[in-house]
Amino acid sequence: MIRQIELVLLPEEAADKTIQLKKASEILGIPDSAITFLKPLKRSIDARSRQIKIRLKVEAWSGDDIPSSGKTMAGHFHFDRQVNGKKPVMIIGAGPAGLFAALRLIELGLKPVIIERGKDVQNRRRDLAAINRLLVINPDSNYCFGEGGAGAYSDGKLYTRSTKRGDVKRILDILVFHGASEDILVDAHPHIGTNKLPKIIVAIRETILNAGGEIHFNTRLKDLVIRDHRIKGIITEKTPDGPESELDADAVILATGHSARDIYELLYRKNILIQAKPFALGVRIEHPQHIIDSIQYHCKTRSAYLPPASYQITHRLKDRSVYSFCMCPGGIIAPAATANNEIVVNGWSPSKRNNAFANSGMVVSLNEKDFLDYKKDGPLAALRYQQQVEQLAFLKGGKNLHAPTQRLVDFTENKFSTNLPPVSYQPGVTSVQLHEVLPPVIYGALKEALKTIGKKMKPYFTNEAVLVATESRTSSPVRIPRNDATLQHPEVAGLFPCGEGAGFAGGIVSAAIDGERCAGQTFLWINSN
């Protein structure tokens, strides 16, 4: 017999399998000994009252059968097909969209050839260390570029609302198949952790190579070969200044991520349709983690049986929204610039989320009217707006990757912060009045929102918290359009804009789903021509 039930437990009870079994037997009205297995299906924290509860949905098994583990279930994938010698498909970018597109192409019997401008995920670490310690940015290998994409060193959050676009469980199962903890199949807001995600990415790479796929690191897309409005190939160059090569191709999946500005410039120069896209911009706000714990868990000290608390905030204004973005409990603020002379910040957490600080993007939605000063740049108007803010932050921070920073209350009162508390951002911070960095519409919206949030969450509104500028890579400022049915660019047959860089995803899981969708449509396109 198999029955689904929900156990409502105290945090310390949820950590004890014996208590779980006892509660399940009480609900089912059968002895403990009659239950052969409790399979967790979904786990969430209910913090709506002062007594925190864990809600655990389980399958209770009785009889002789025991369910298979998630890893065994994931073994149903067909990644062992040999595709060497099969029709090649060029995939530009080895982020989640590109990697999952490659896996799906293998299942469909096509050969993925991934072109990645950056380094493999292990060697990226040296360039990340250079950013933090030496304040040197490699424009092809950084927090955004390289194997695994921007998600590889950005916490590994797997929560998505894109459930209507594809099979979220399939994506999670594939990650488990490649070494992720089965907890991601259960937790309401799953994450892998920046420290563990690289090993999973390496395992995915090995799956692709073992099947006969190719991955070319340190290789940048320089041009698209197009004849009669159809993709015929690509021109690549080795980074940083290596030789060019031309590769024939009938299909290209363009999965370059939201920071590959040179790709947008390339499409613009070739008169291939792209569009300015609204995005959001603001700051990263950092608190001591114990403050967020006290707010969310209604206590002075977090229980050892509870994880570091997170939060989600949305504040509506007349014509725009202010909202938290990519919240990282127990995390670190990271330098995410992709070029010199700009400041970009992001956040990440290790799997244990055990750092002393909690950080989150706090950003303001923008629209087409905000980009009117850049109208002459056409579809690159929003991108130019983004660049201008990042470059101004670099200047105000001291021209050395130090991030402009201000205490939270000082920000709302327009006061210079004469000193700053400890901050997790390793390159260093400079005390700056952020109205000198942020556009007036961003500054004004953040100021109003934070004051209102402070009235509702009083401990949140404190000068122990800091605002670090700029959180500007929330999503792509450019959309590369595509046909809703075929997923091909409306002007170039065989070109499949994909993932965050094209404006069709927002995170690891949604990008992976989009990569699989584009792979499926690529298969149909190649087989029909």
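Counting from 1, the numbers follow the sequence of the chain as shown.
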**Q** Could you tell me the separation between the OG atom of S349 and the CG atom of N354, rounded to the nearest 0.5 Å?
**A**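 So the gap between those two atoms works out to 9.5 Å.
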**Q** Assess the residue pair R320 and D370 against the criterion (salt bridge (charged side-chain N to carboxylate O under 4.0 Å, His left out)); give the C-alpha distance rounded to whole Å, side-chain angles, the decisive distance to 0.1 Å, and a yes or no.
**A** CA-CA 11 Å; R320 63 186 77 242; D370 297 312; 3.1 Å; yes
**Q** How long is the span from the OG atom in S351 to the NE2 atom in H191, to the nearest 0.5 Å?
**A** 6.5 Å
**Q** Would you say that L317 contacts V364 through its side chain, given a criterion of any heavy-atom pair below 4.5 Å between the two side chains?
**A** no
**Q** Taking the side chain as every heavy atom from C-beta outward, state whether I52 and D46 have any pair of such atoms under 4.5 Å apart.
**A**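 Result no, sub-4.5 Å side-chain heavy-atom pair not found.
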**Q** Are the side chain of Q20 and the backbone N or O of A14 linked by a donor-acceptor pair below 3.5 Å?
**A**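 Judged by distance alone, yes, a pair lies under 3.5 Å.
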**Q** Restricting to side chain to side chain contact (heavy atoms under 4.5 Å, CB included), what partner residues turn up for D120, sequence neighbours left out?
**A**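 With sequence neighbours excluded, D120 shows a side chain to side chain contact (heavy atoms under 4.5 Å, CB included) to Q122, N123, E147, R205, F217, given in chain and number order.
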**Q** Could you give the distance from CE (M327) to NE2 (H189), rounded to the nearest 0.5 Å?
**A**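 Result: 12.0 Å between the selected atoms.
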**Q** In Å and rounded to the nearest 0.5 Å, what is the CZ to CZ distance from F279 to F371?
**A** 5.0 Å
**Q** Considering residues at least two apart in sequence or located in another chain, which fulfil the salt bridge (Lys or Arg N to Asp or Glu O under 4.0 Å) criterion with E26?
**A** none
**Q** Applying ring pair (Phe, Tyr, Trp, His ring centres under 6.0 Å) as the test, list every pair that has at least one member in residues 289-338; sequence neighbours left out.
**A**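 Checked against ring pair (Phe, Tyr, Trp, His ring centres under 6.0 Å) - neighbours excluded - the pairs reaching residues 289-338 are Y311-Y460.
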**Q** Ignoring hydrogens and angles, state whether a donor on the side chain of S44 or R55 is under 3.5 Å from an acceptor on the partner side chain.
**A**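 No pair is found: no donor N or O on one side chain lies under 3.5 Å from an acceptor on the other.
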**Q** Looking at residues at least two apart in the chain, or sitting in another chain, which of them share a salt bridge (Lys or Arg N to Asp or Glu O under 4.0 Å) with K119?
**A** D127
**Q** Between the side chain of S294 and the main-chain N/O of I291, is any donor-acceptor distance below 3.5 Å?
**A**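 Side chain of S294 to backbone of I291: a pair is present.
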**Q** In Å and rounded to the nearest 0.5 Å, what is the CG to CG distance from L172 to L185?
**A**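 Nearest 0.5 Å value for the CG-CG distance: 6.0 Å.
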**Q** Is any side-chain heavy atom of T430 less than 4.5 Å from a side-chain heavy atom of P404?
**A** no
**Q** Take a 6.0 Å sphere around NZ of K199 and say whether it holds more than 12 heavy atoms from other residues, nucleotides or ligands.
**A** no
**Q** Side chains of V466 and Q406: does their closest heavy-atom pair fall under 4.5 Å?
**A** no
**Q** Does R43 pair with D183 as a salt bridge, N-O distance under 4.0 Å?
**A** yes
**Q** Mark yes when over 12 heavy atoms from residues, nucleotides or ligands other than K447 sit less than 6.0 Å from its NZ; otherwise mark no.
**A** yes
**Q** Side chain of E107, backbone of H78: donor and acceptor closer than 3.5 Å?
**A**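 Side chain of E107 to backbone of H78, a donor-acceptor pair under 3.5 Å: yes, one is there.
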**Q** Using modelled atom types and a 3.5 Å cut-off, is there a donor and acceptor pairing between side-chain atoms of K277 and backbone atoms of S476?
**A** yes
**Q** Are the side chain of S424 and the backbone N or O of I333 linked by a donor-acceptor pair below 3.5 Å?
**A** yes
**Q** Can L401 and I137 be said to form a side-chain contact (heavy atoms from CB on, under 4.5 Å), step by step?
**A** CA-CA 9 Å; L401 280 190; I137 295 174; 3.9 Å; yes
**Q** Check side-chain hydrogen bond (donor to acceptor under 3.5 Å, both in side chains) between K415 and all other residues, then give those that pass, not counting sequence neighbours.
**A** E413
**Q** Any side-chain to backbone donor/acceptor pair from Q289 onto G330? Under 3.5 Å, distance only.
**A** yes
**Q** Of all residues at least two apart in sequence or in a different chain, which pass the salt bridge (Lys or Arg N to Asp or Glu O under 4.0 Å) check with E342?
**A** R261, R473
**Q** So L306 and I54, do their side chains get closer than 4.5 Å, heavy atoms only?
**A**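 I54 reaches L306 side chain to side chain.
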**Q** Tell me whether T207 contacts the main-chain N or O of A203 through its side chain, where contact means a donor paired with an acceptor under 3.5 Å.
**A** yes
**Q** With a 4.0 Å cut-off, would you call E6 and K57 a salt bridge?
**A**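 So E6 does not pair with K57 through a salt bridge.
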**Q** If you look only at pairs with a residue in residues 427-451, which of them pass as a ring pair (Phe, Tyr, Trp, His ring centres under 6.0 Å), with sequence neighbours excluded?
**A** F411-Y443, H435-Y443
**Q** Taking only residues two or more places apart in sequence, or in another chain, which ones meet N142 in a side-chain hydrogen bond (donor to acceptor under 3.5 Å, both in side chains)?
**A**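 None.
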**Q** With side chains defined as the heavy atoms from C-beta onward, is the minimum distance between I131 and Y143 less than 4.5 Å?
**A** yes
**Q** Is the backbone of A94 close enough, under 3.5 Å, to the side chain of E116 for a donor and an acceptor to pair up by distance?
**A**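 Checking the backbone N and O of A94 against the side chain of E116, a donor-acceptor pair under 3.5 Å is found.
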**Q** Give a yes or no on whether a salt bridge exists between R517 and D514, defined as a side-chain N under 4.0 angstrom from a carboxylate O.
**A**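 Result for this pair is yes, salt bridge flagged.
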**Q** With side chain to side chain donor-acceptor pair (under 3.5 Å) as the criterion, how do S141 and R124 come out once you've worked through the C-alpha distance, each side chain's angles and the decisive distance to 0.1 Å?
**A** CA-CA 6 Å; S141 179; R124 280 178 74 182; 5.1 Å; no
**Q** Is any side-chain heavy atom of H402 closer than 4.5 Å to one of V429?
**A**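 Answer no - side chains too far apart.
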**Q** With sequence neighbours left out, which residue pairs that include part of residues 285-295 fulfil the salt bridge (charged side-chain N to carboxylate O under 4.0 Å, His left out) condition?
**A** D293-R302
**Q** Looking at S324 and G361, would you say the former's side chain and the latter's main chain have a donor-acceptor pair under 3.5 Å?
**A**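 No, because the side chain of S324 does not come within donor-acceptor range (under 3.5 Å) of the backbone of G361.
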**Q** Out of Q386, R284, E390, which residue meets the side-chain contact (heavy atoms from CB on, under 4.5 Å) rule with T470?
**A** E390
**Q** Going through the distances and angles, do K196 and S181 end up as a side chain to side chain donor-acceptor pair (under 3.5 Å)?
**A** CA-CA 10 Å; K196 293 188 175 182; S181 167; over 6 Å; no
**Q** Run H178 and F79 through side-chain contact (heavy atoms from CB on, under 4.5 Å) and show every step you take.
**A** CA-CA 11 Å; H178 287 96; F79 301 139; 4.1 Å; yes
**Q** How would you list, by chain and number, every residue that makes a side-chain hydrogen bond (donor to acceptor under 3.5 Å, both in side chains) with S310, sequence neighbours excluded?
**A** none
**Q** Taking side chain to side chain contact (heavy atoms under 4.5 Å, CB included) as the definition, give me every residue that meets it alongside R133, ordered by chain and number, with sequence neighbours left out.
**A**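 For R133, the residues satisfying side chain to side chain contact (heavy atoms under 4.5 Å, CB included) (neighbours in sequence not counted) are A129.
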**Q** If only side-chain N and O atoms count, and only distance matters, is there a donor-acceptor pair under 3.5 Å linking Q433 with N414?
**A**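 The answer is yes; a qualifying pair exists.
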**Q** Output yes when K169 and D167 qualify as a salt bridge under the 4.0 Å nitrogen-oxygen rule, no when they do not.
**A** no
**Q** For the pair S25 (side chain) and P31 (backbone), establish whether a donor and an acceptor sit closer than 3.5 Å, ignoring hydrogens and angles.
**A** no
**Q** So, taking the atom named CD in Q4 and the one named CG in L41, what distance separates them when rounded to the nearest 0.5 Å?
**A** 5.0 Å
**Q** Yes or no on side-chain contact (heavy atoms from CB on, under 4.5 Å) for F504 and C498, after CA distance, side-chain angles and deciding distance?
**A** CA-CA 7 Å; F504 297 103; C498 183; over 6 Å; no
**Q** Is the count of non-hydrogen atoms from other residues, nucleotides or ligands lying under 6.0 Å from D484 atom CG greater than 12?
**A** no
**Q** Please name all residues satisfying salt bridge (Lys or Arg N to Asp or Glu O under 4.0 Å) with R407, sequence neighbours left out, ordered by chain then number.
**A**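 Counting only residues at least two positions away or on another chain, R407 forms no salt bridge (Lys or Arg N to Asp or Glu O under 4.0 Å).
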**Q** Under the side-chain contact (heavy atoms from CB on, under 4.5 Å) criterion, do I192 and L158 qualify, and how do the steps go?
**A** CA-CA 8 Å; I192 293 176; L158 303 175; 3.7 Å; yes
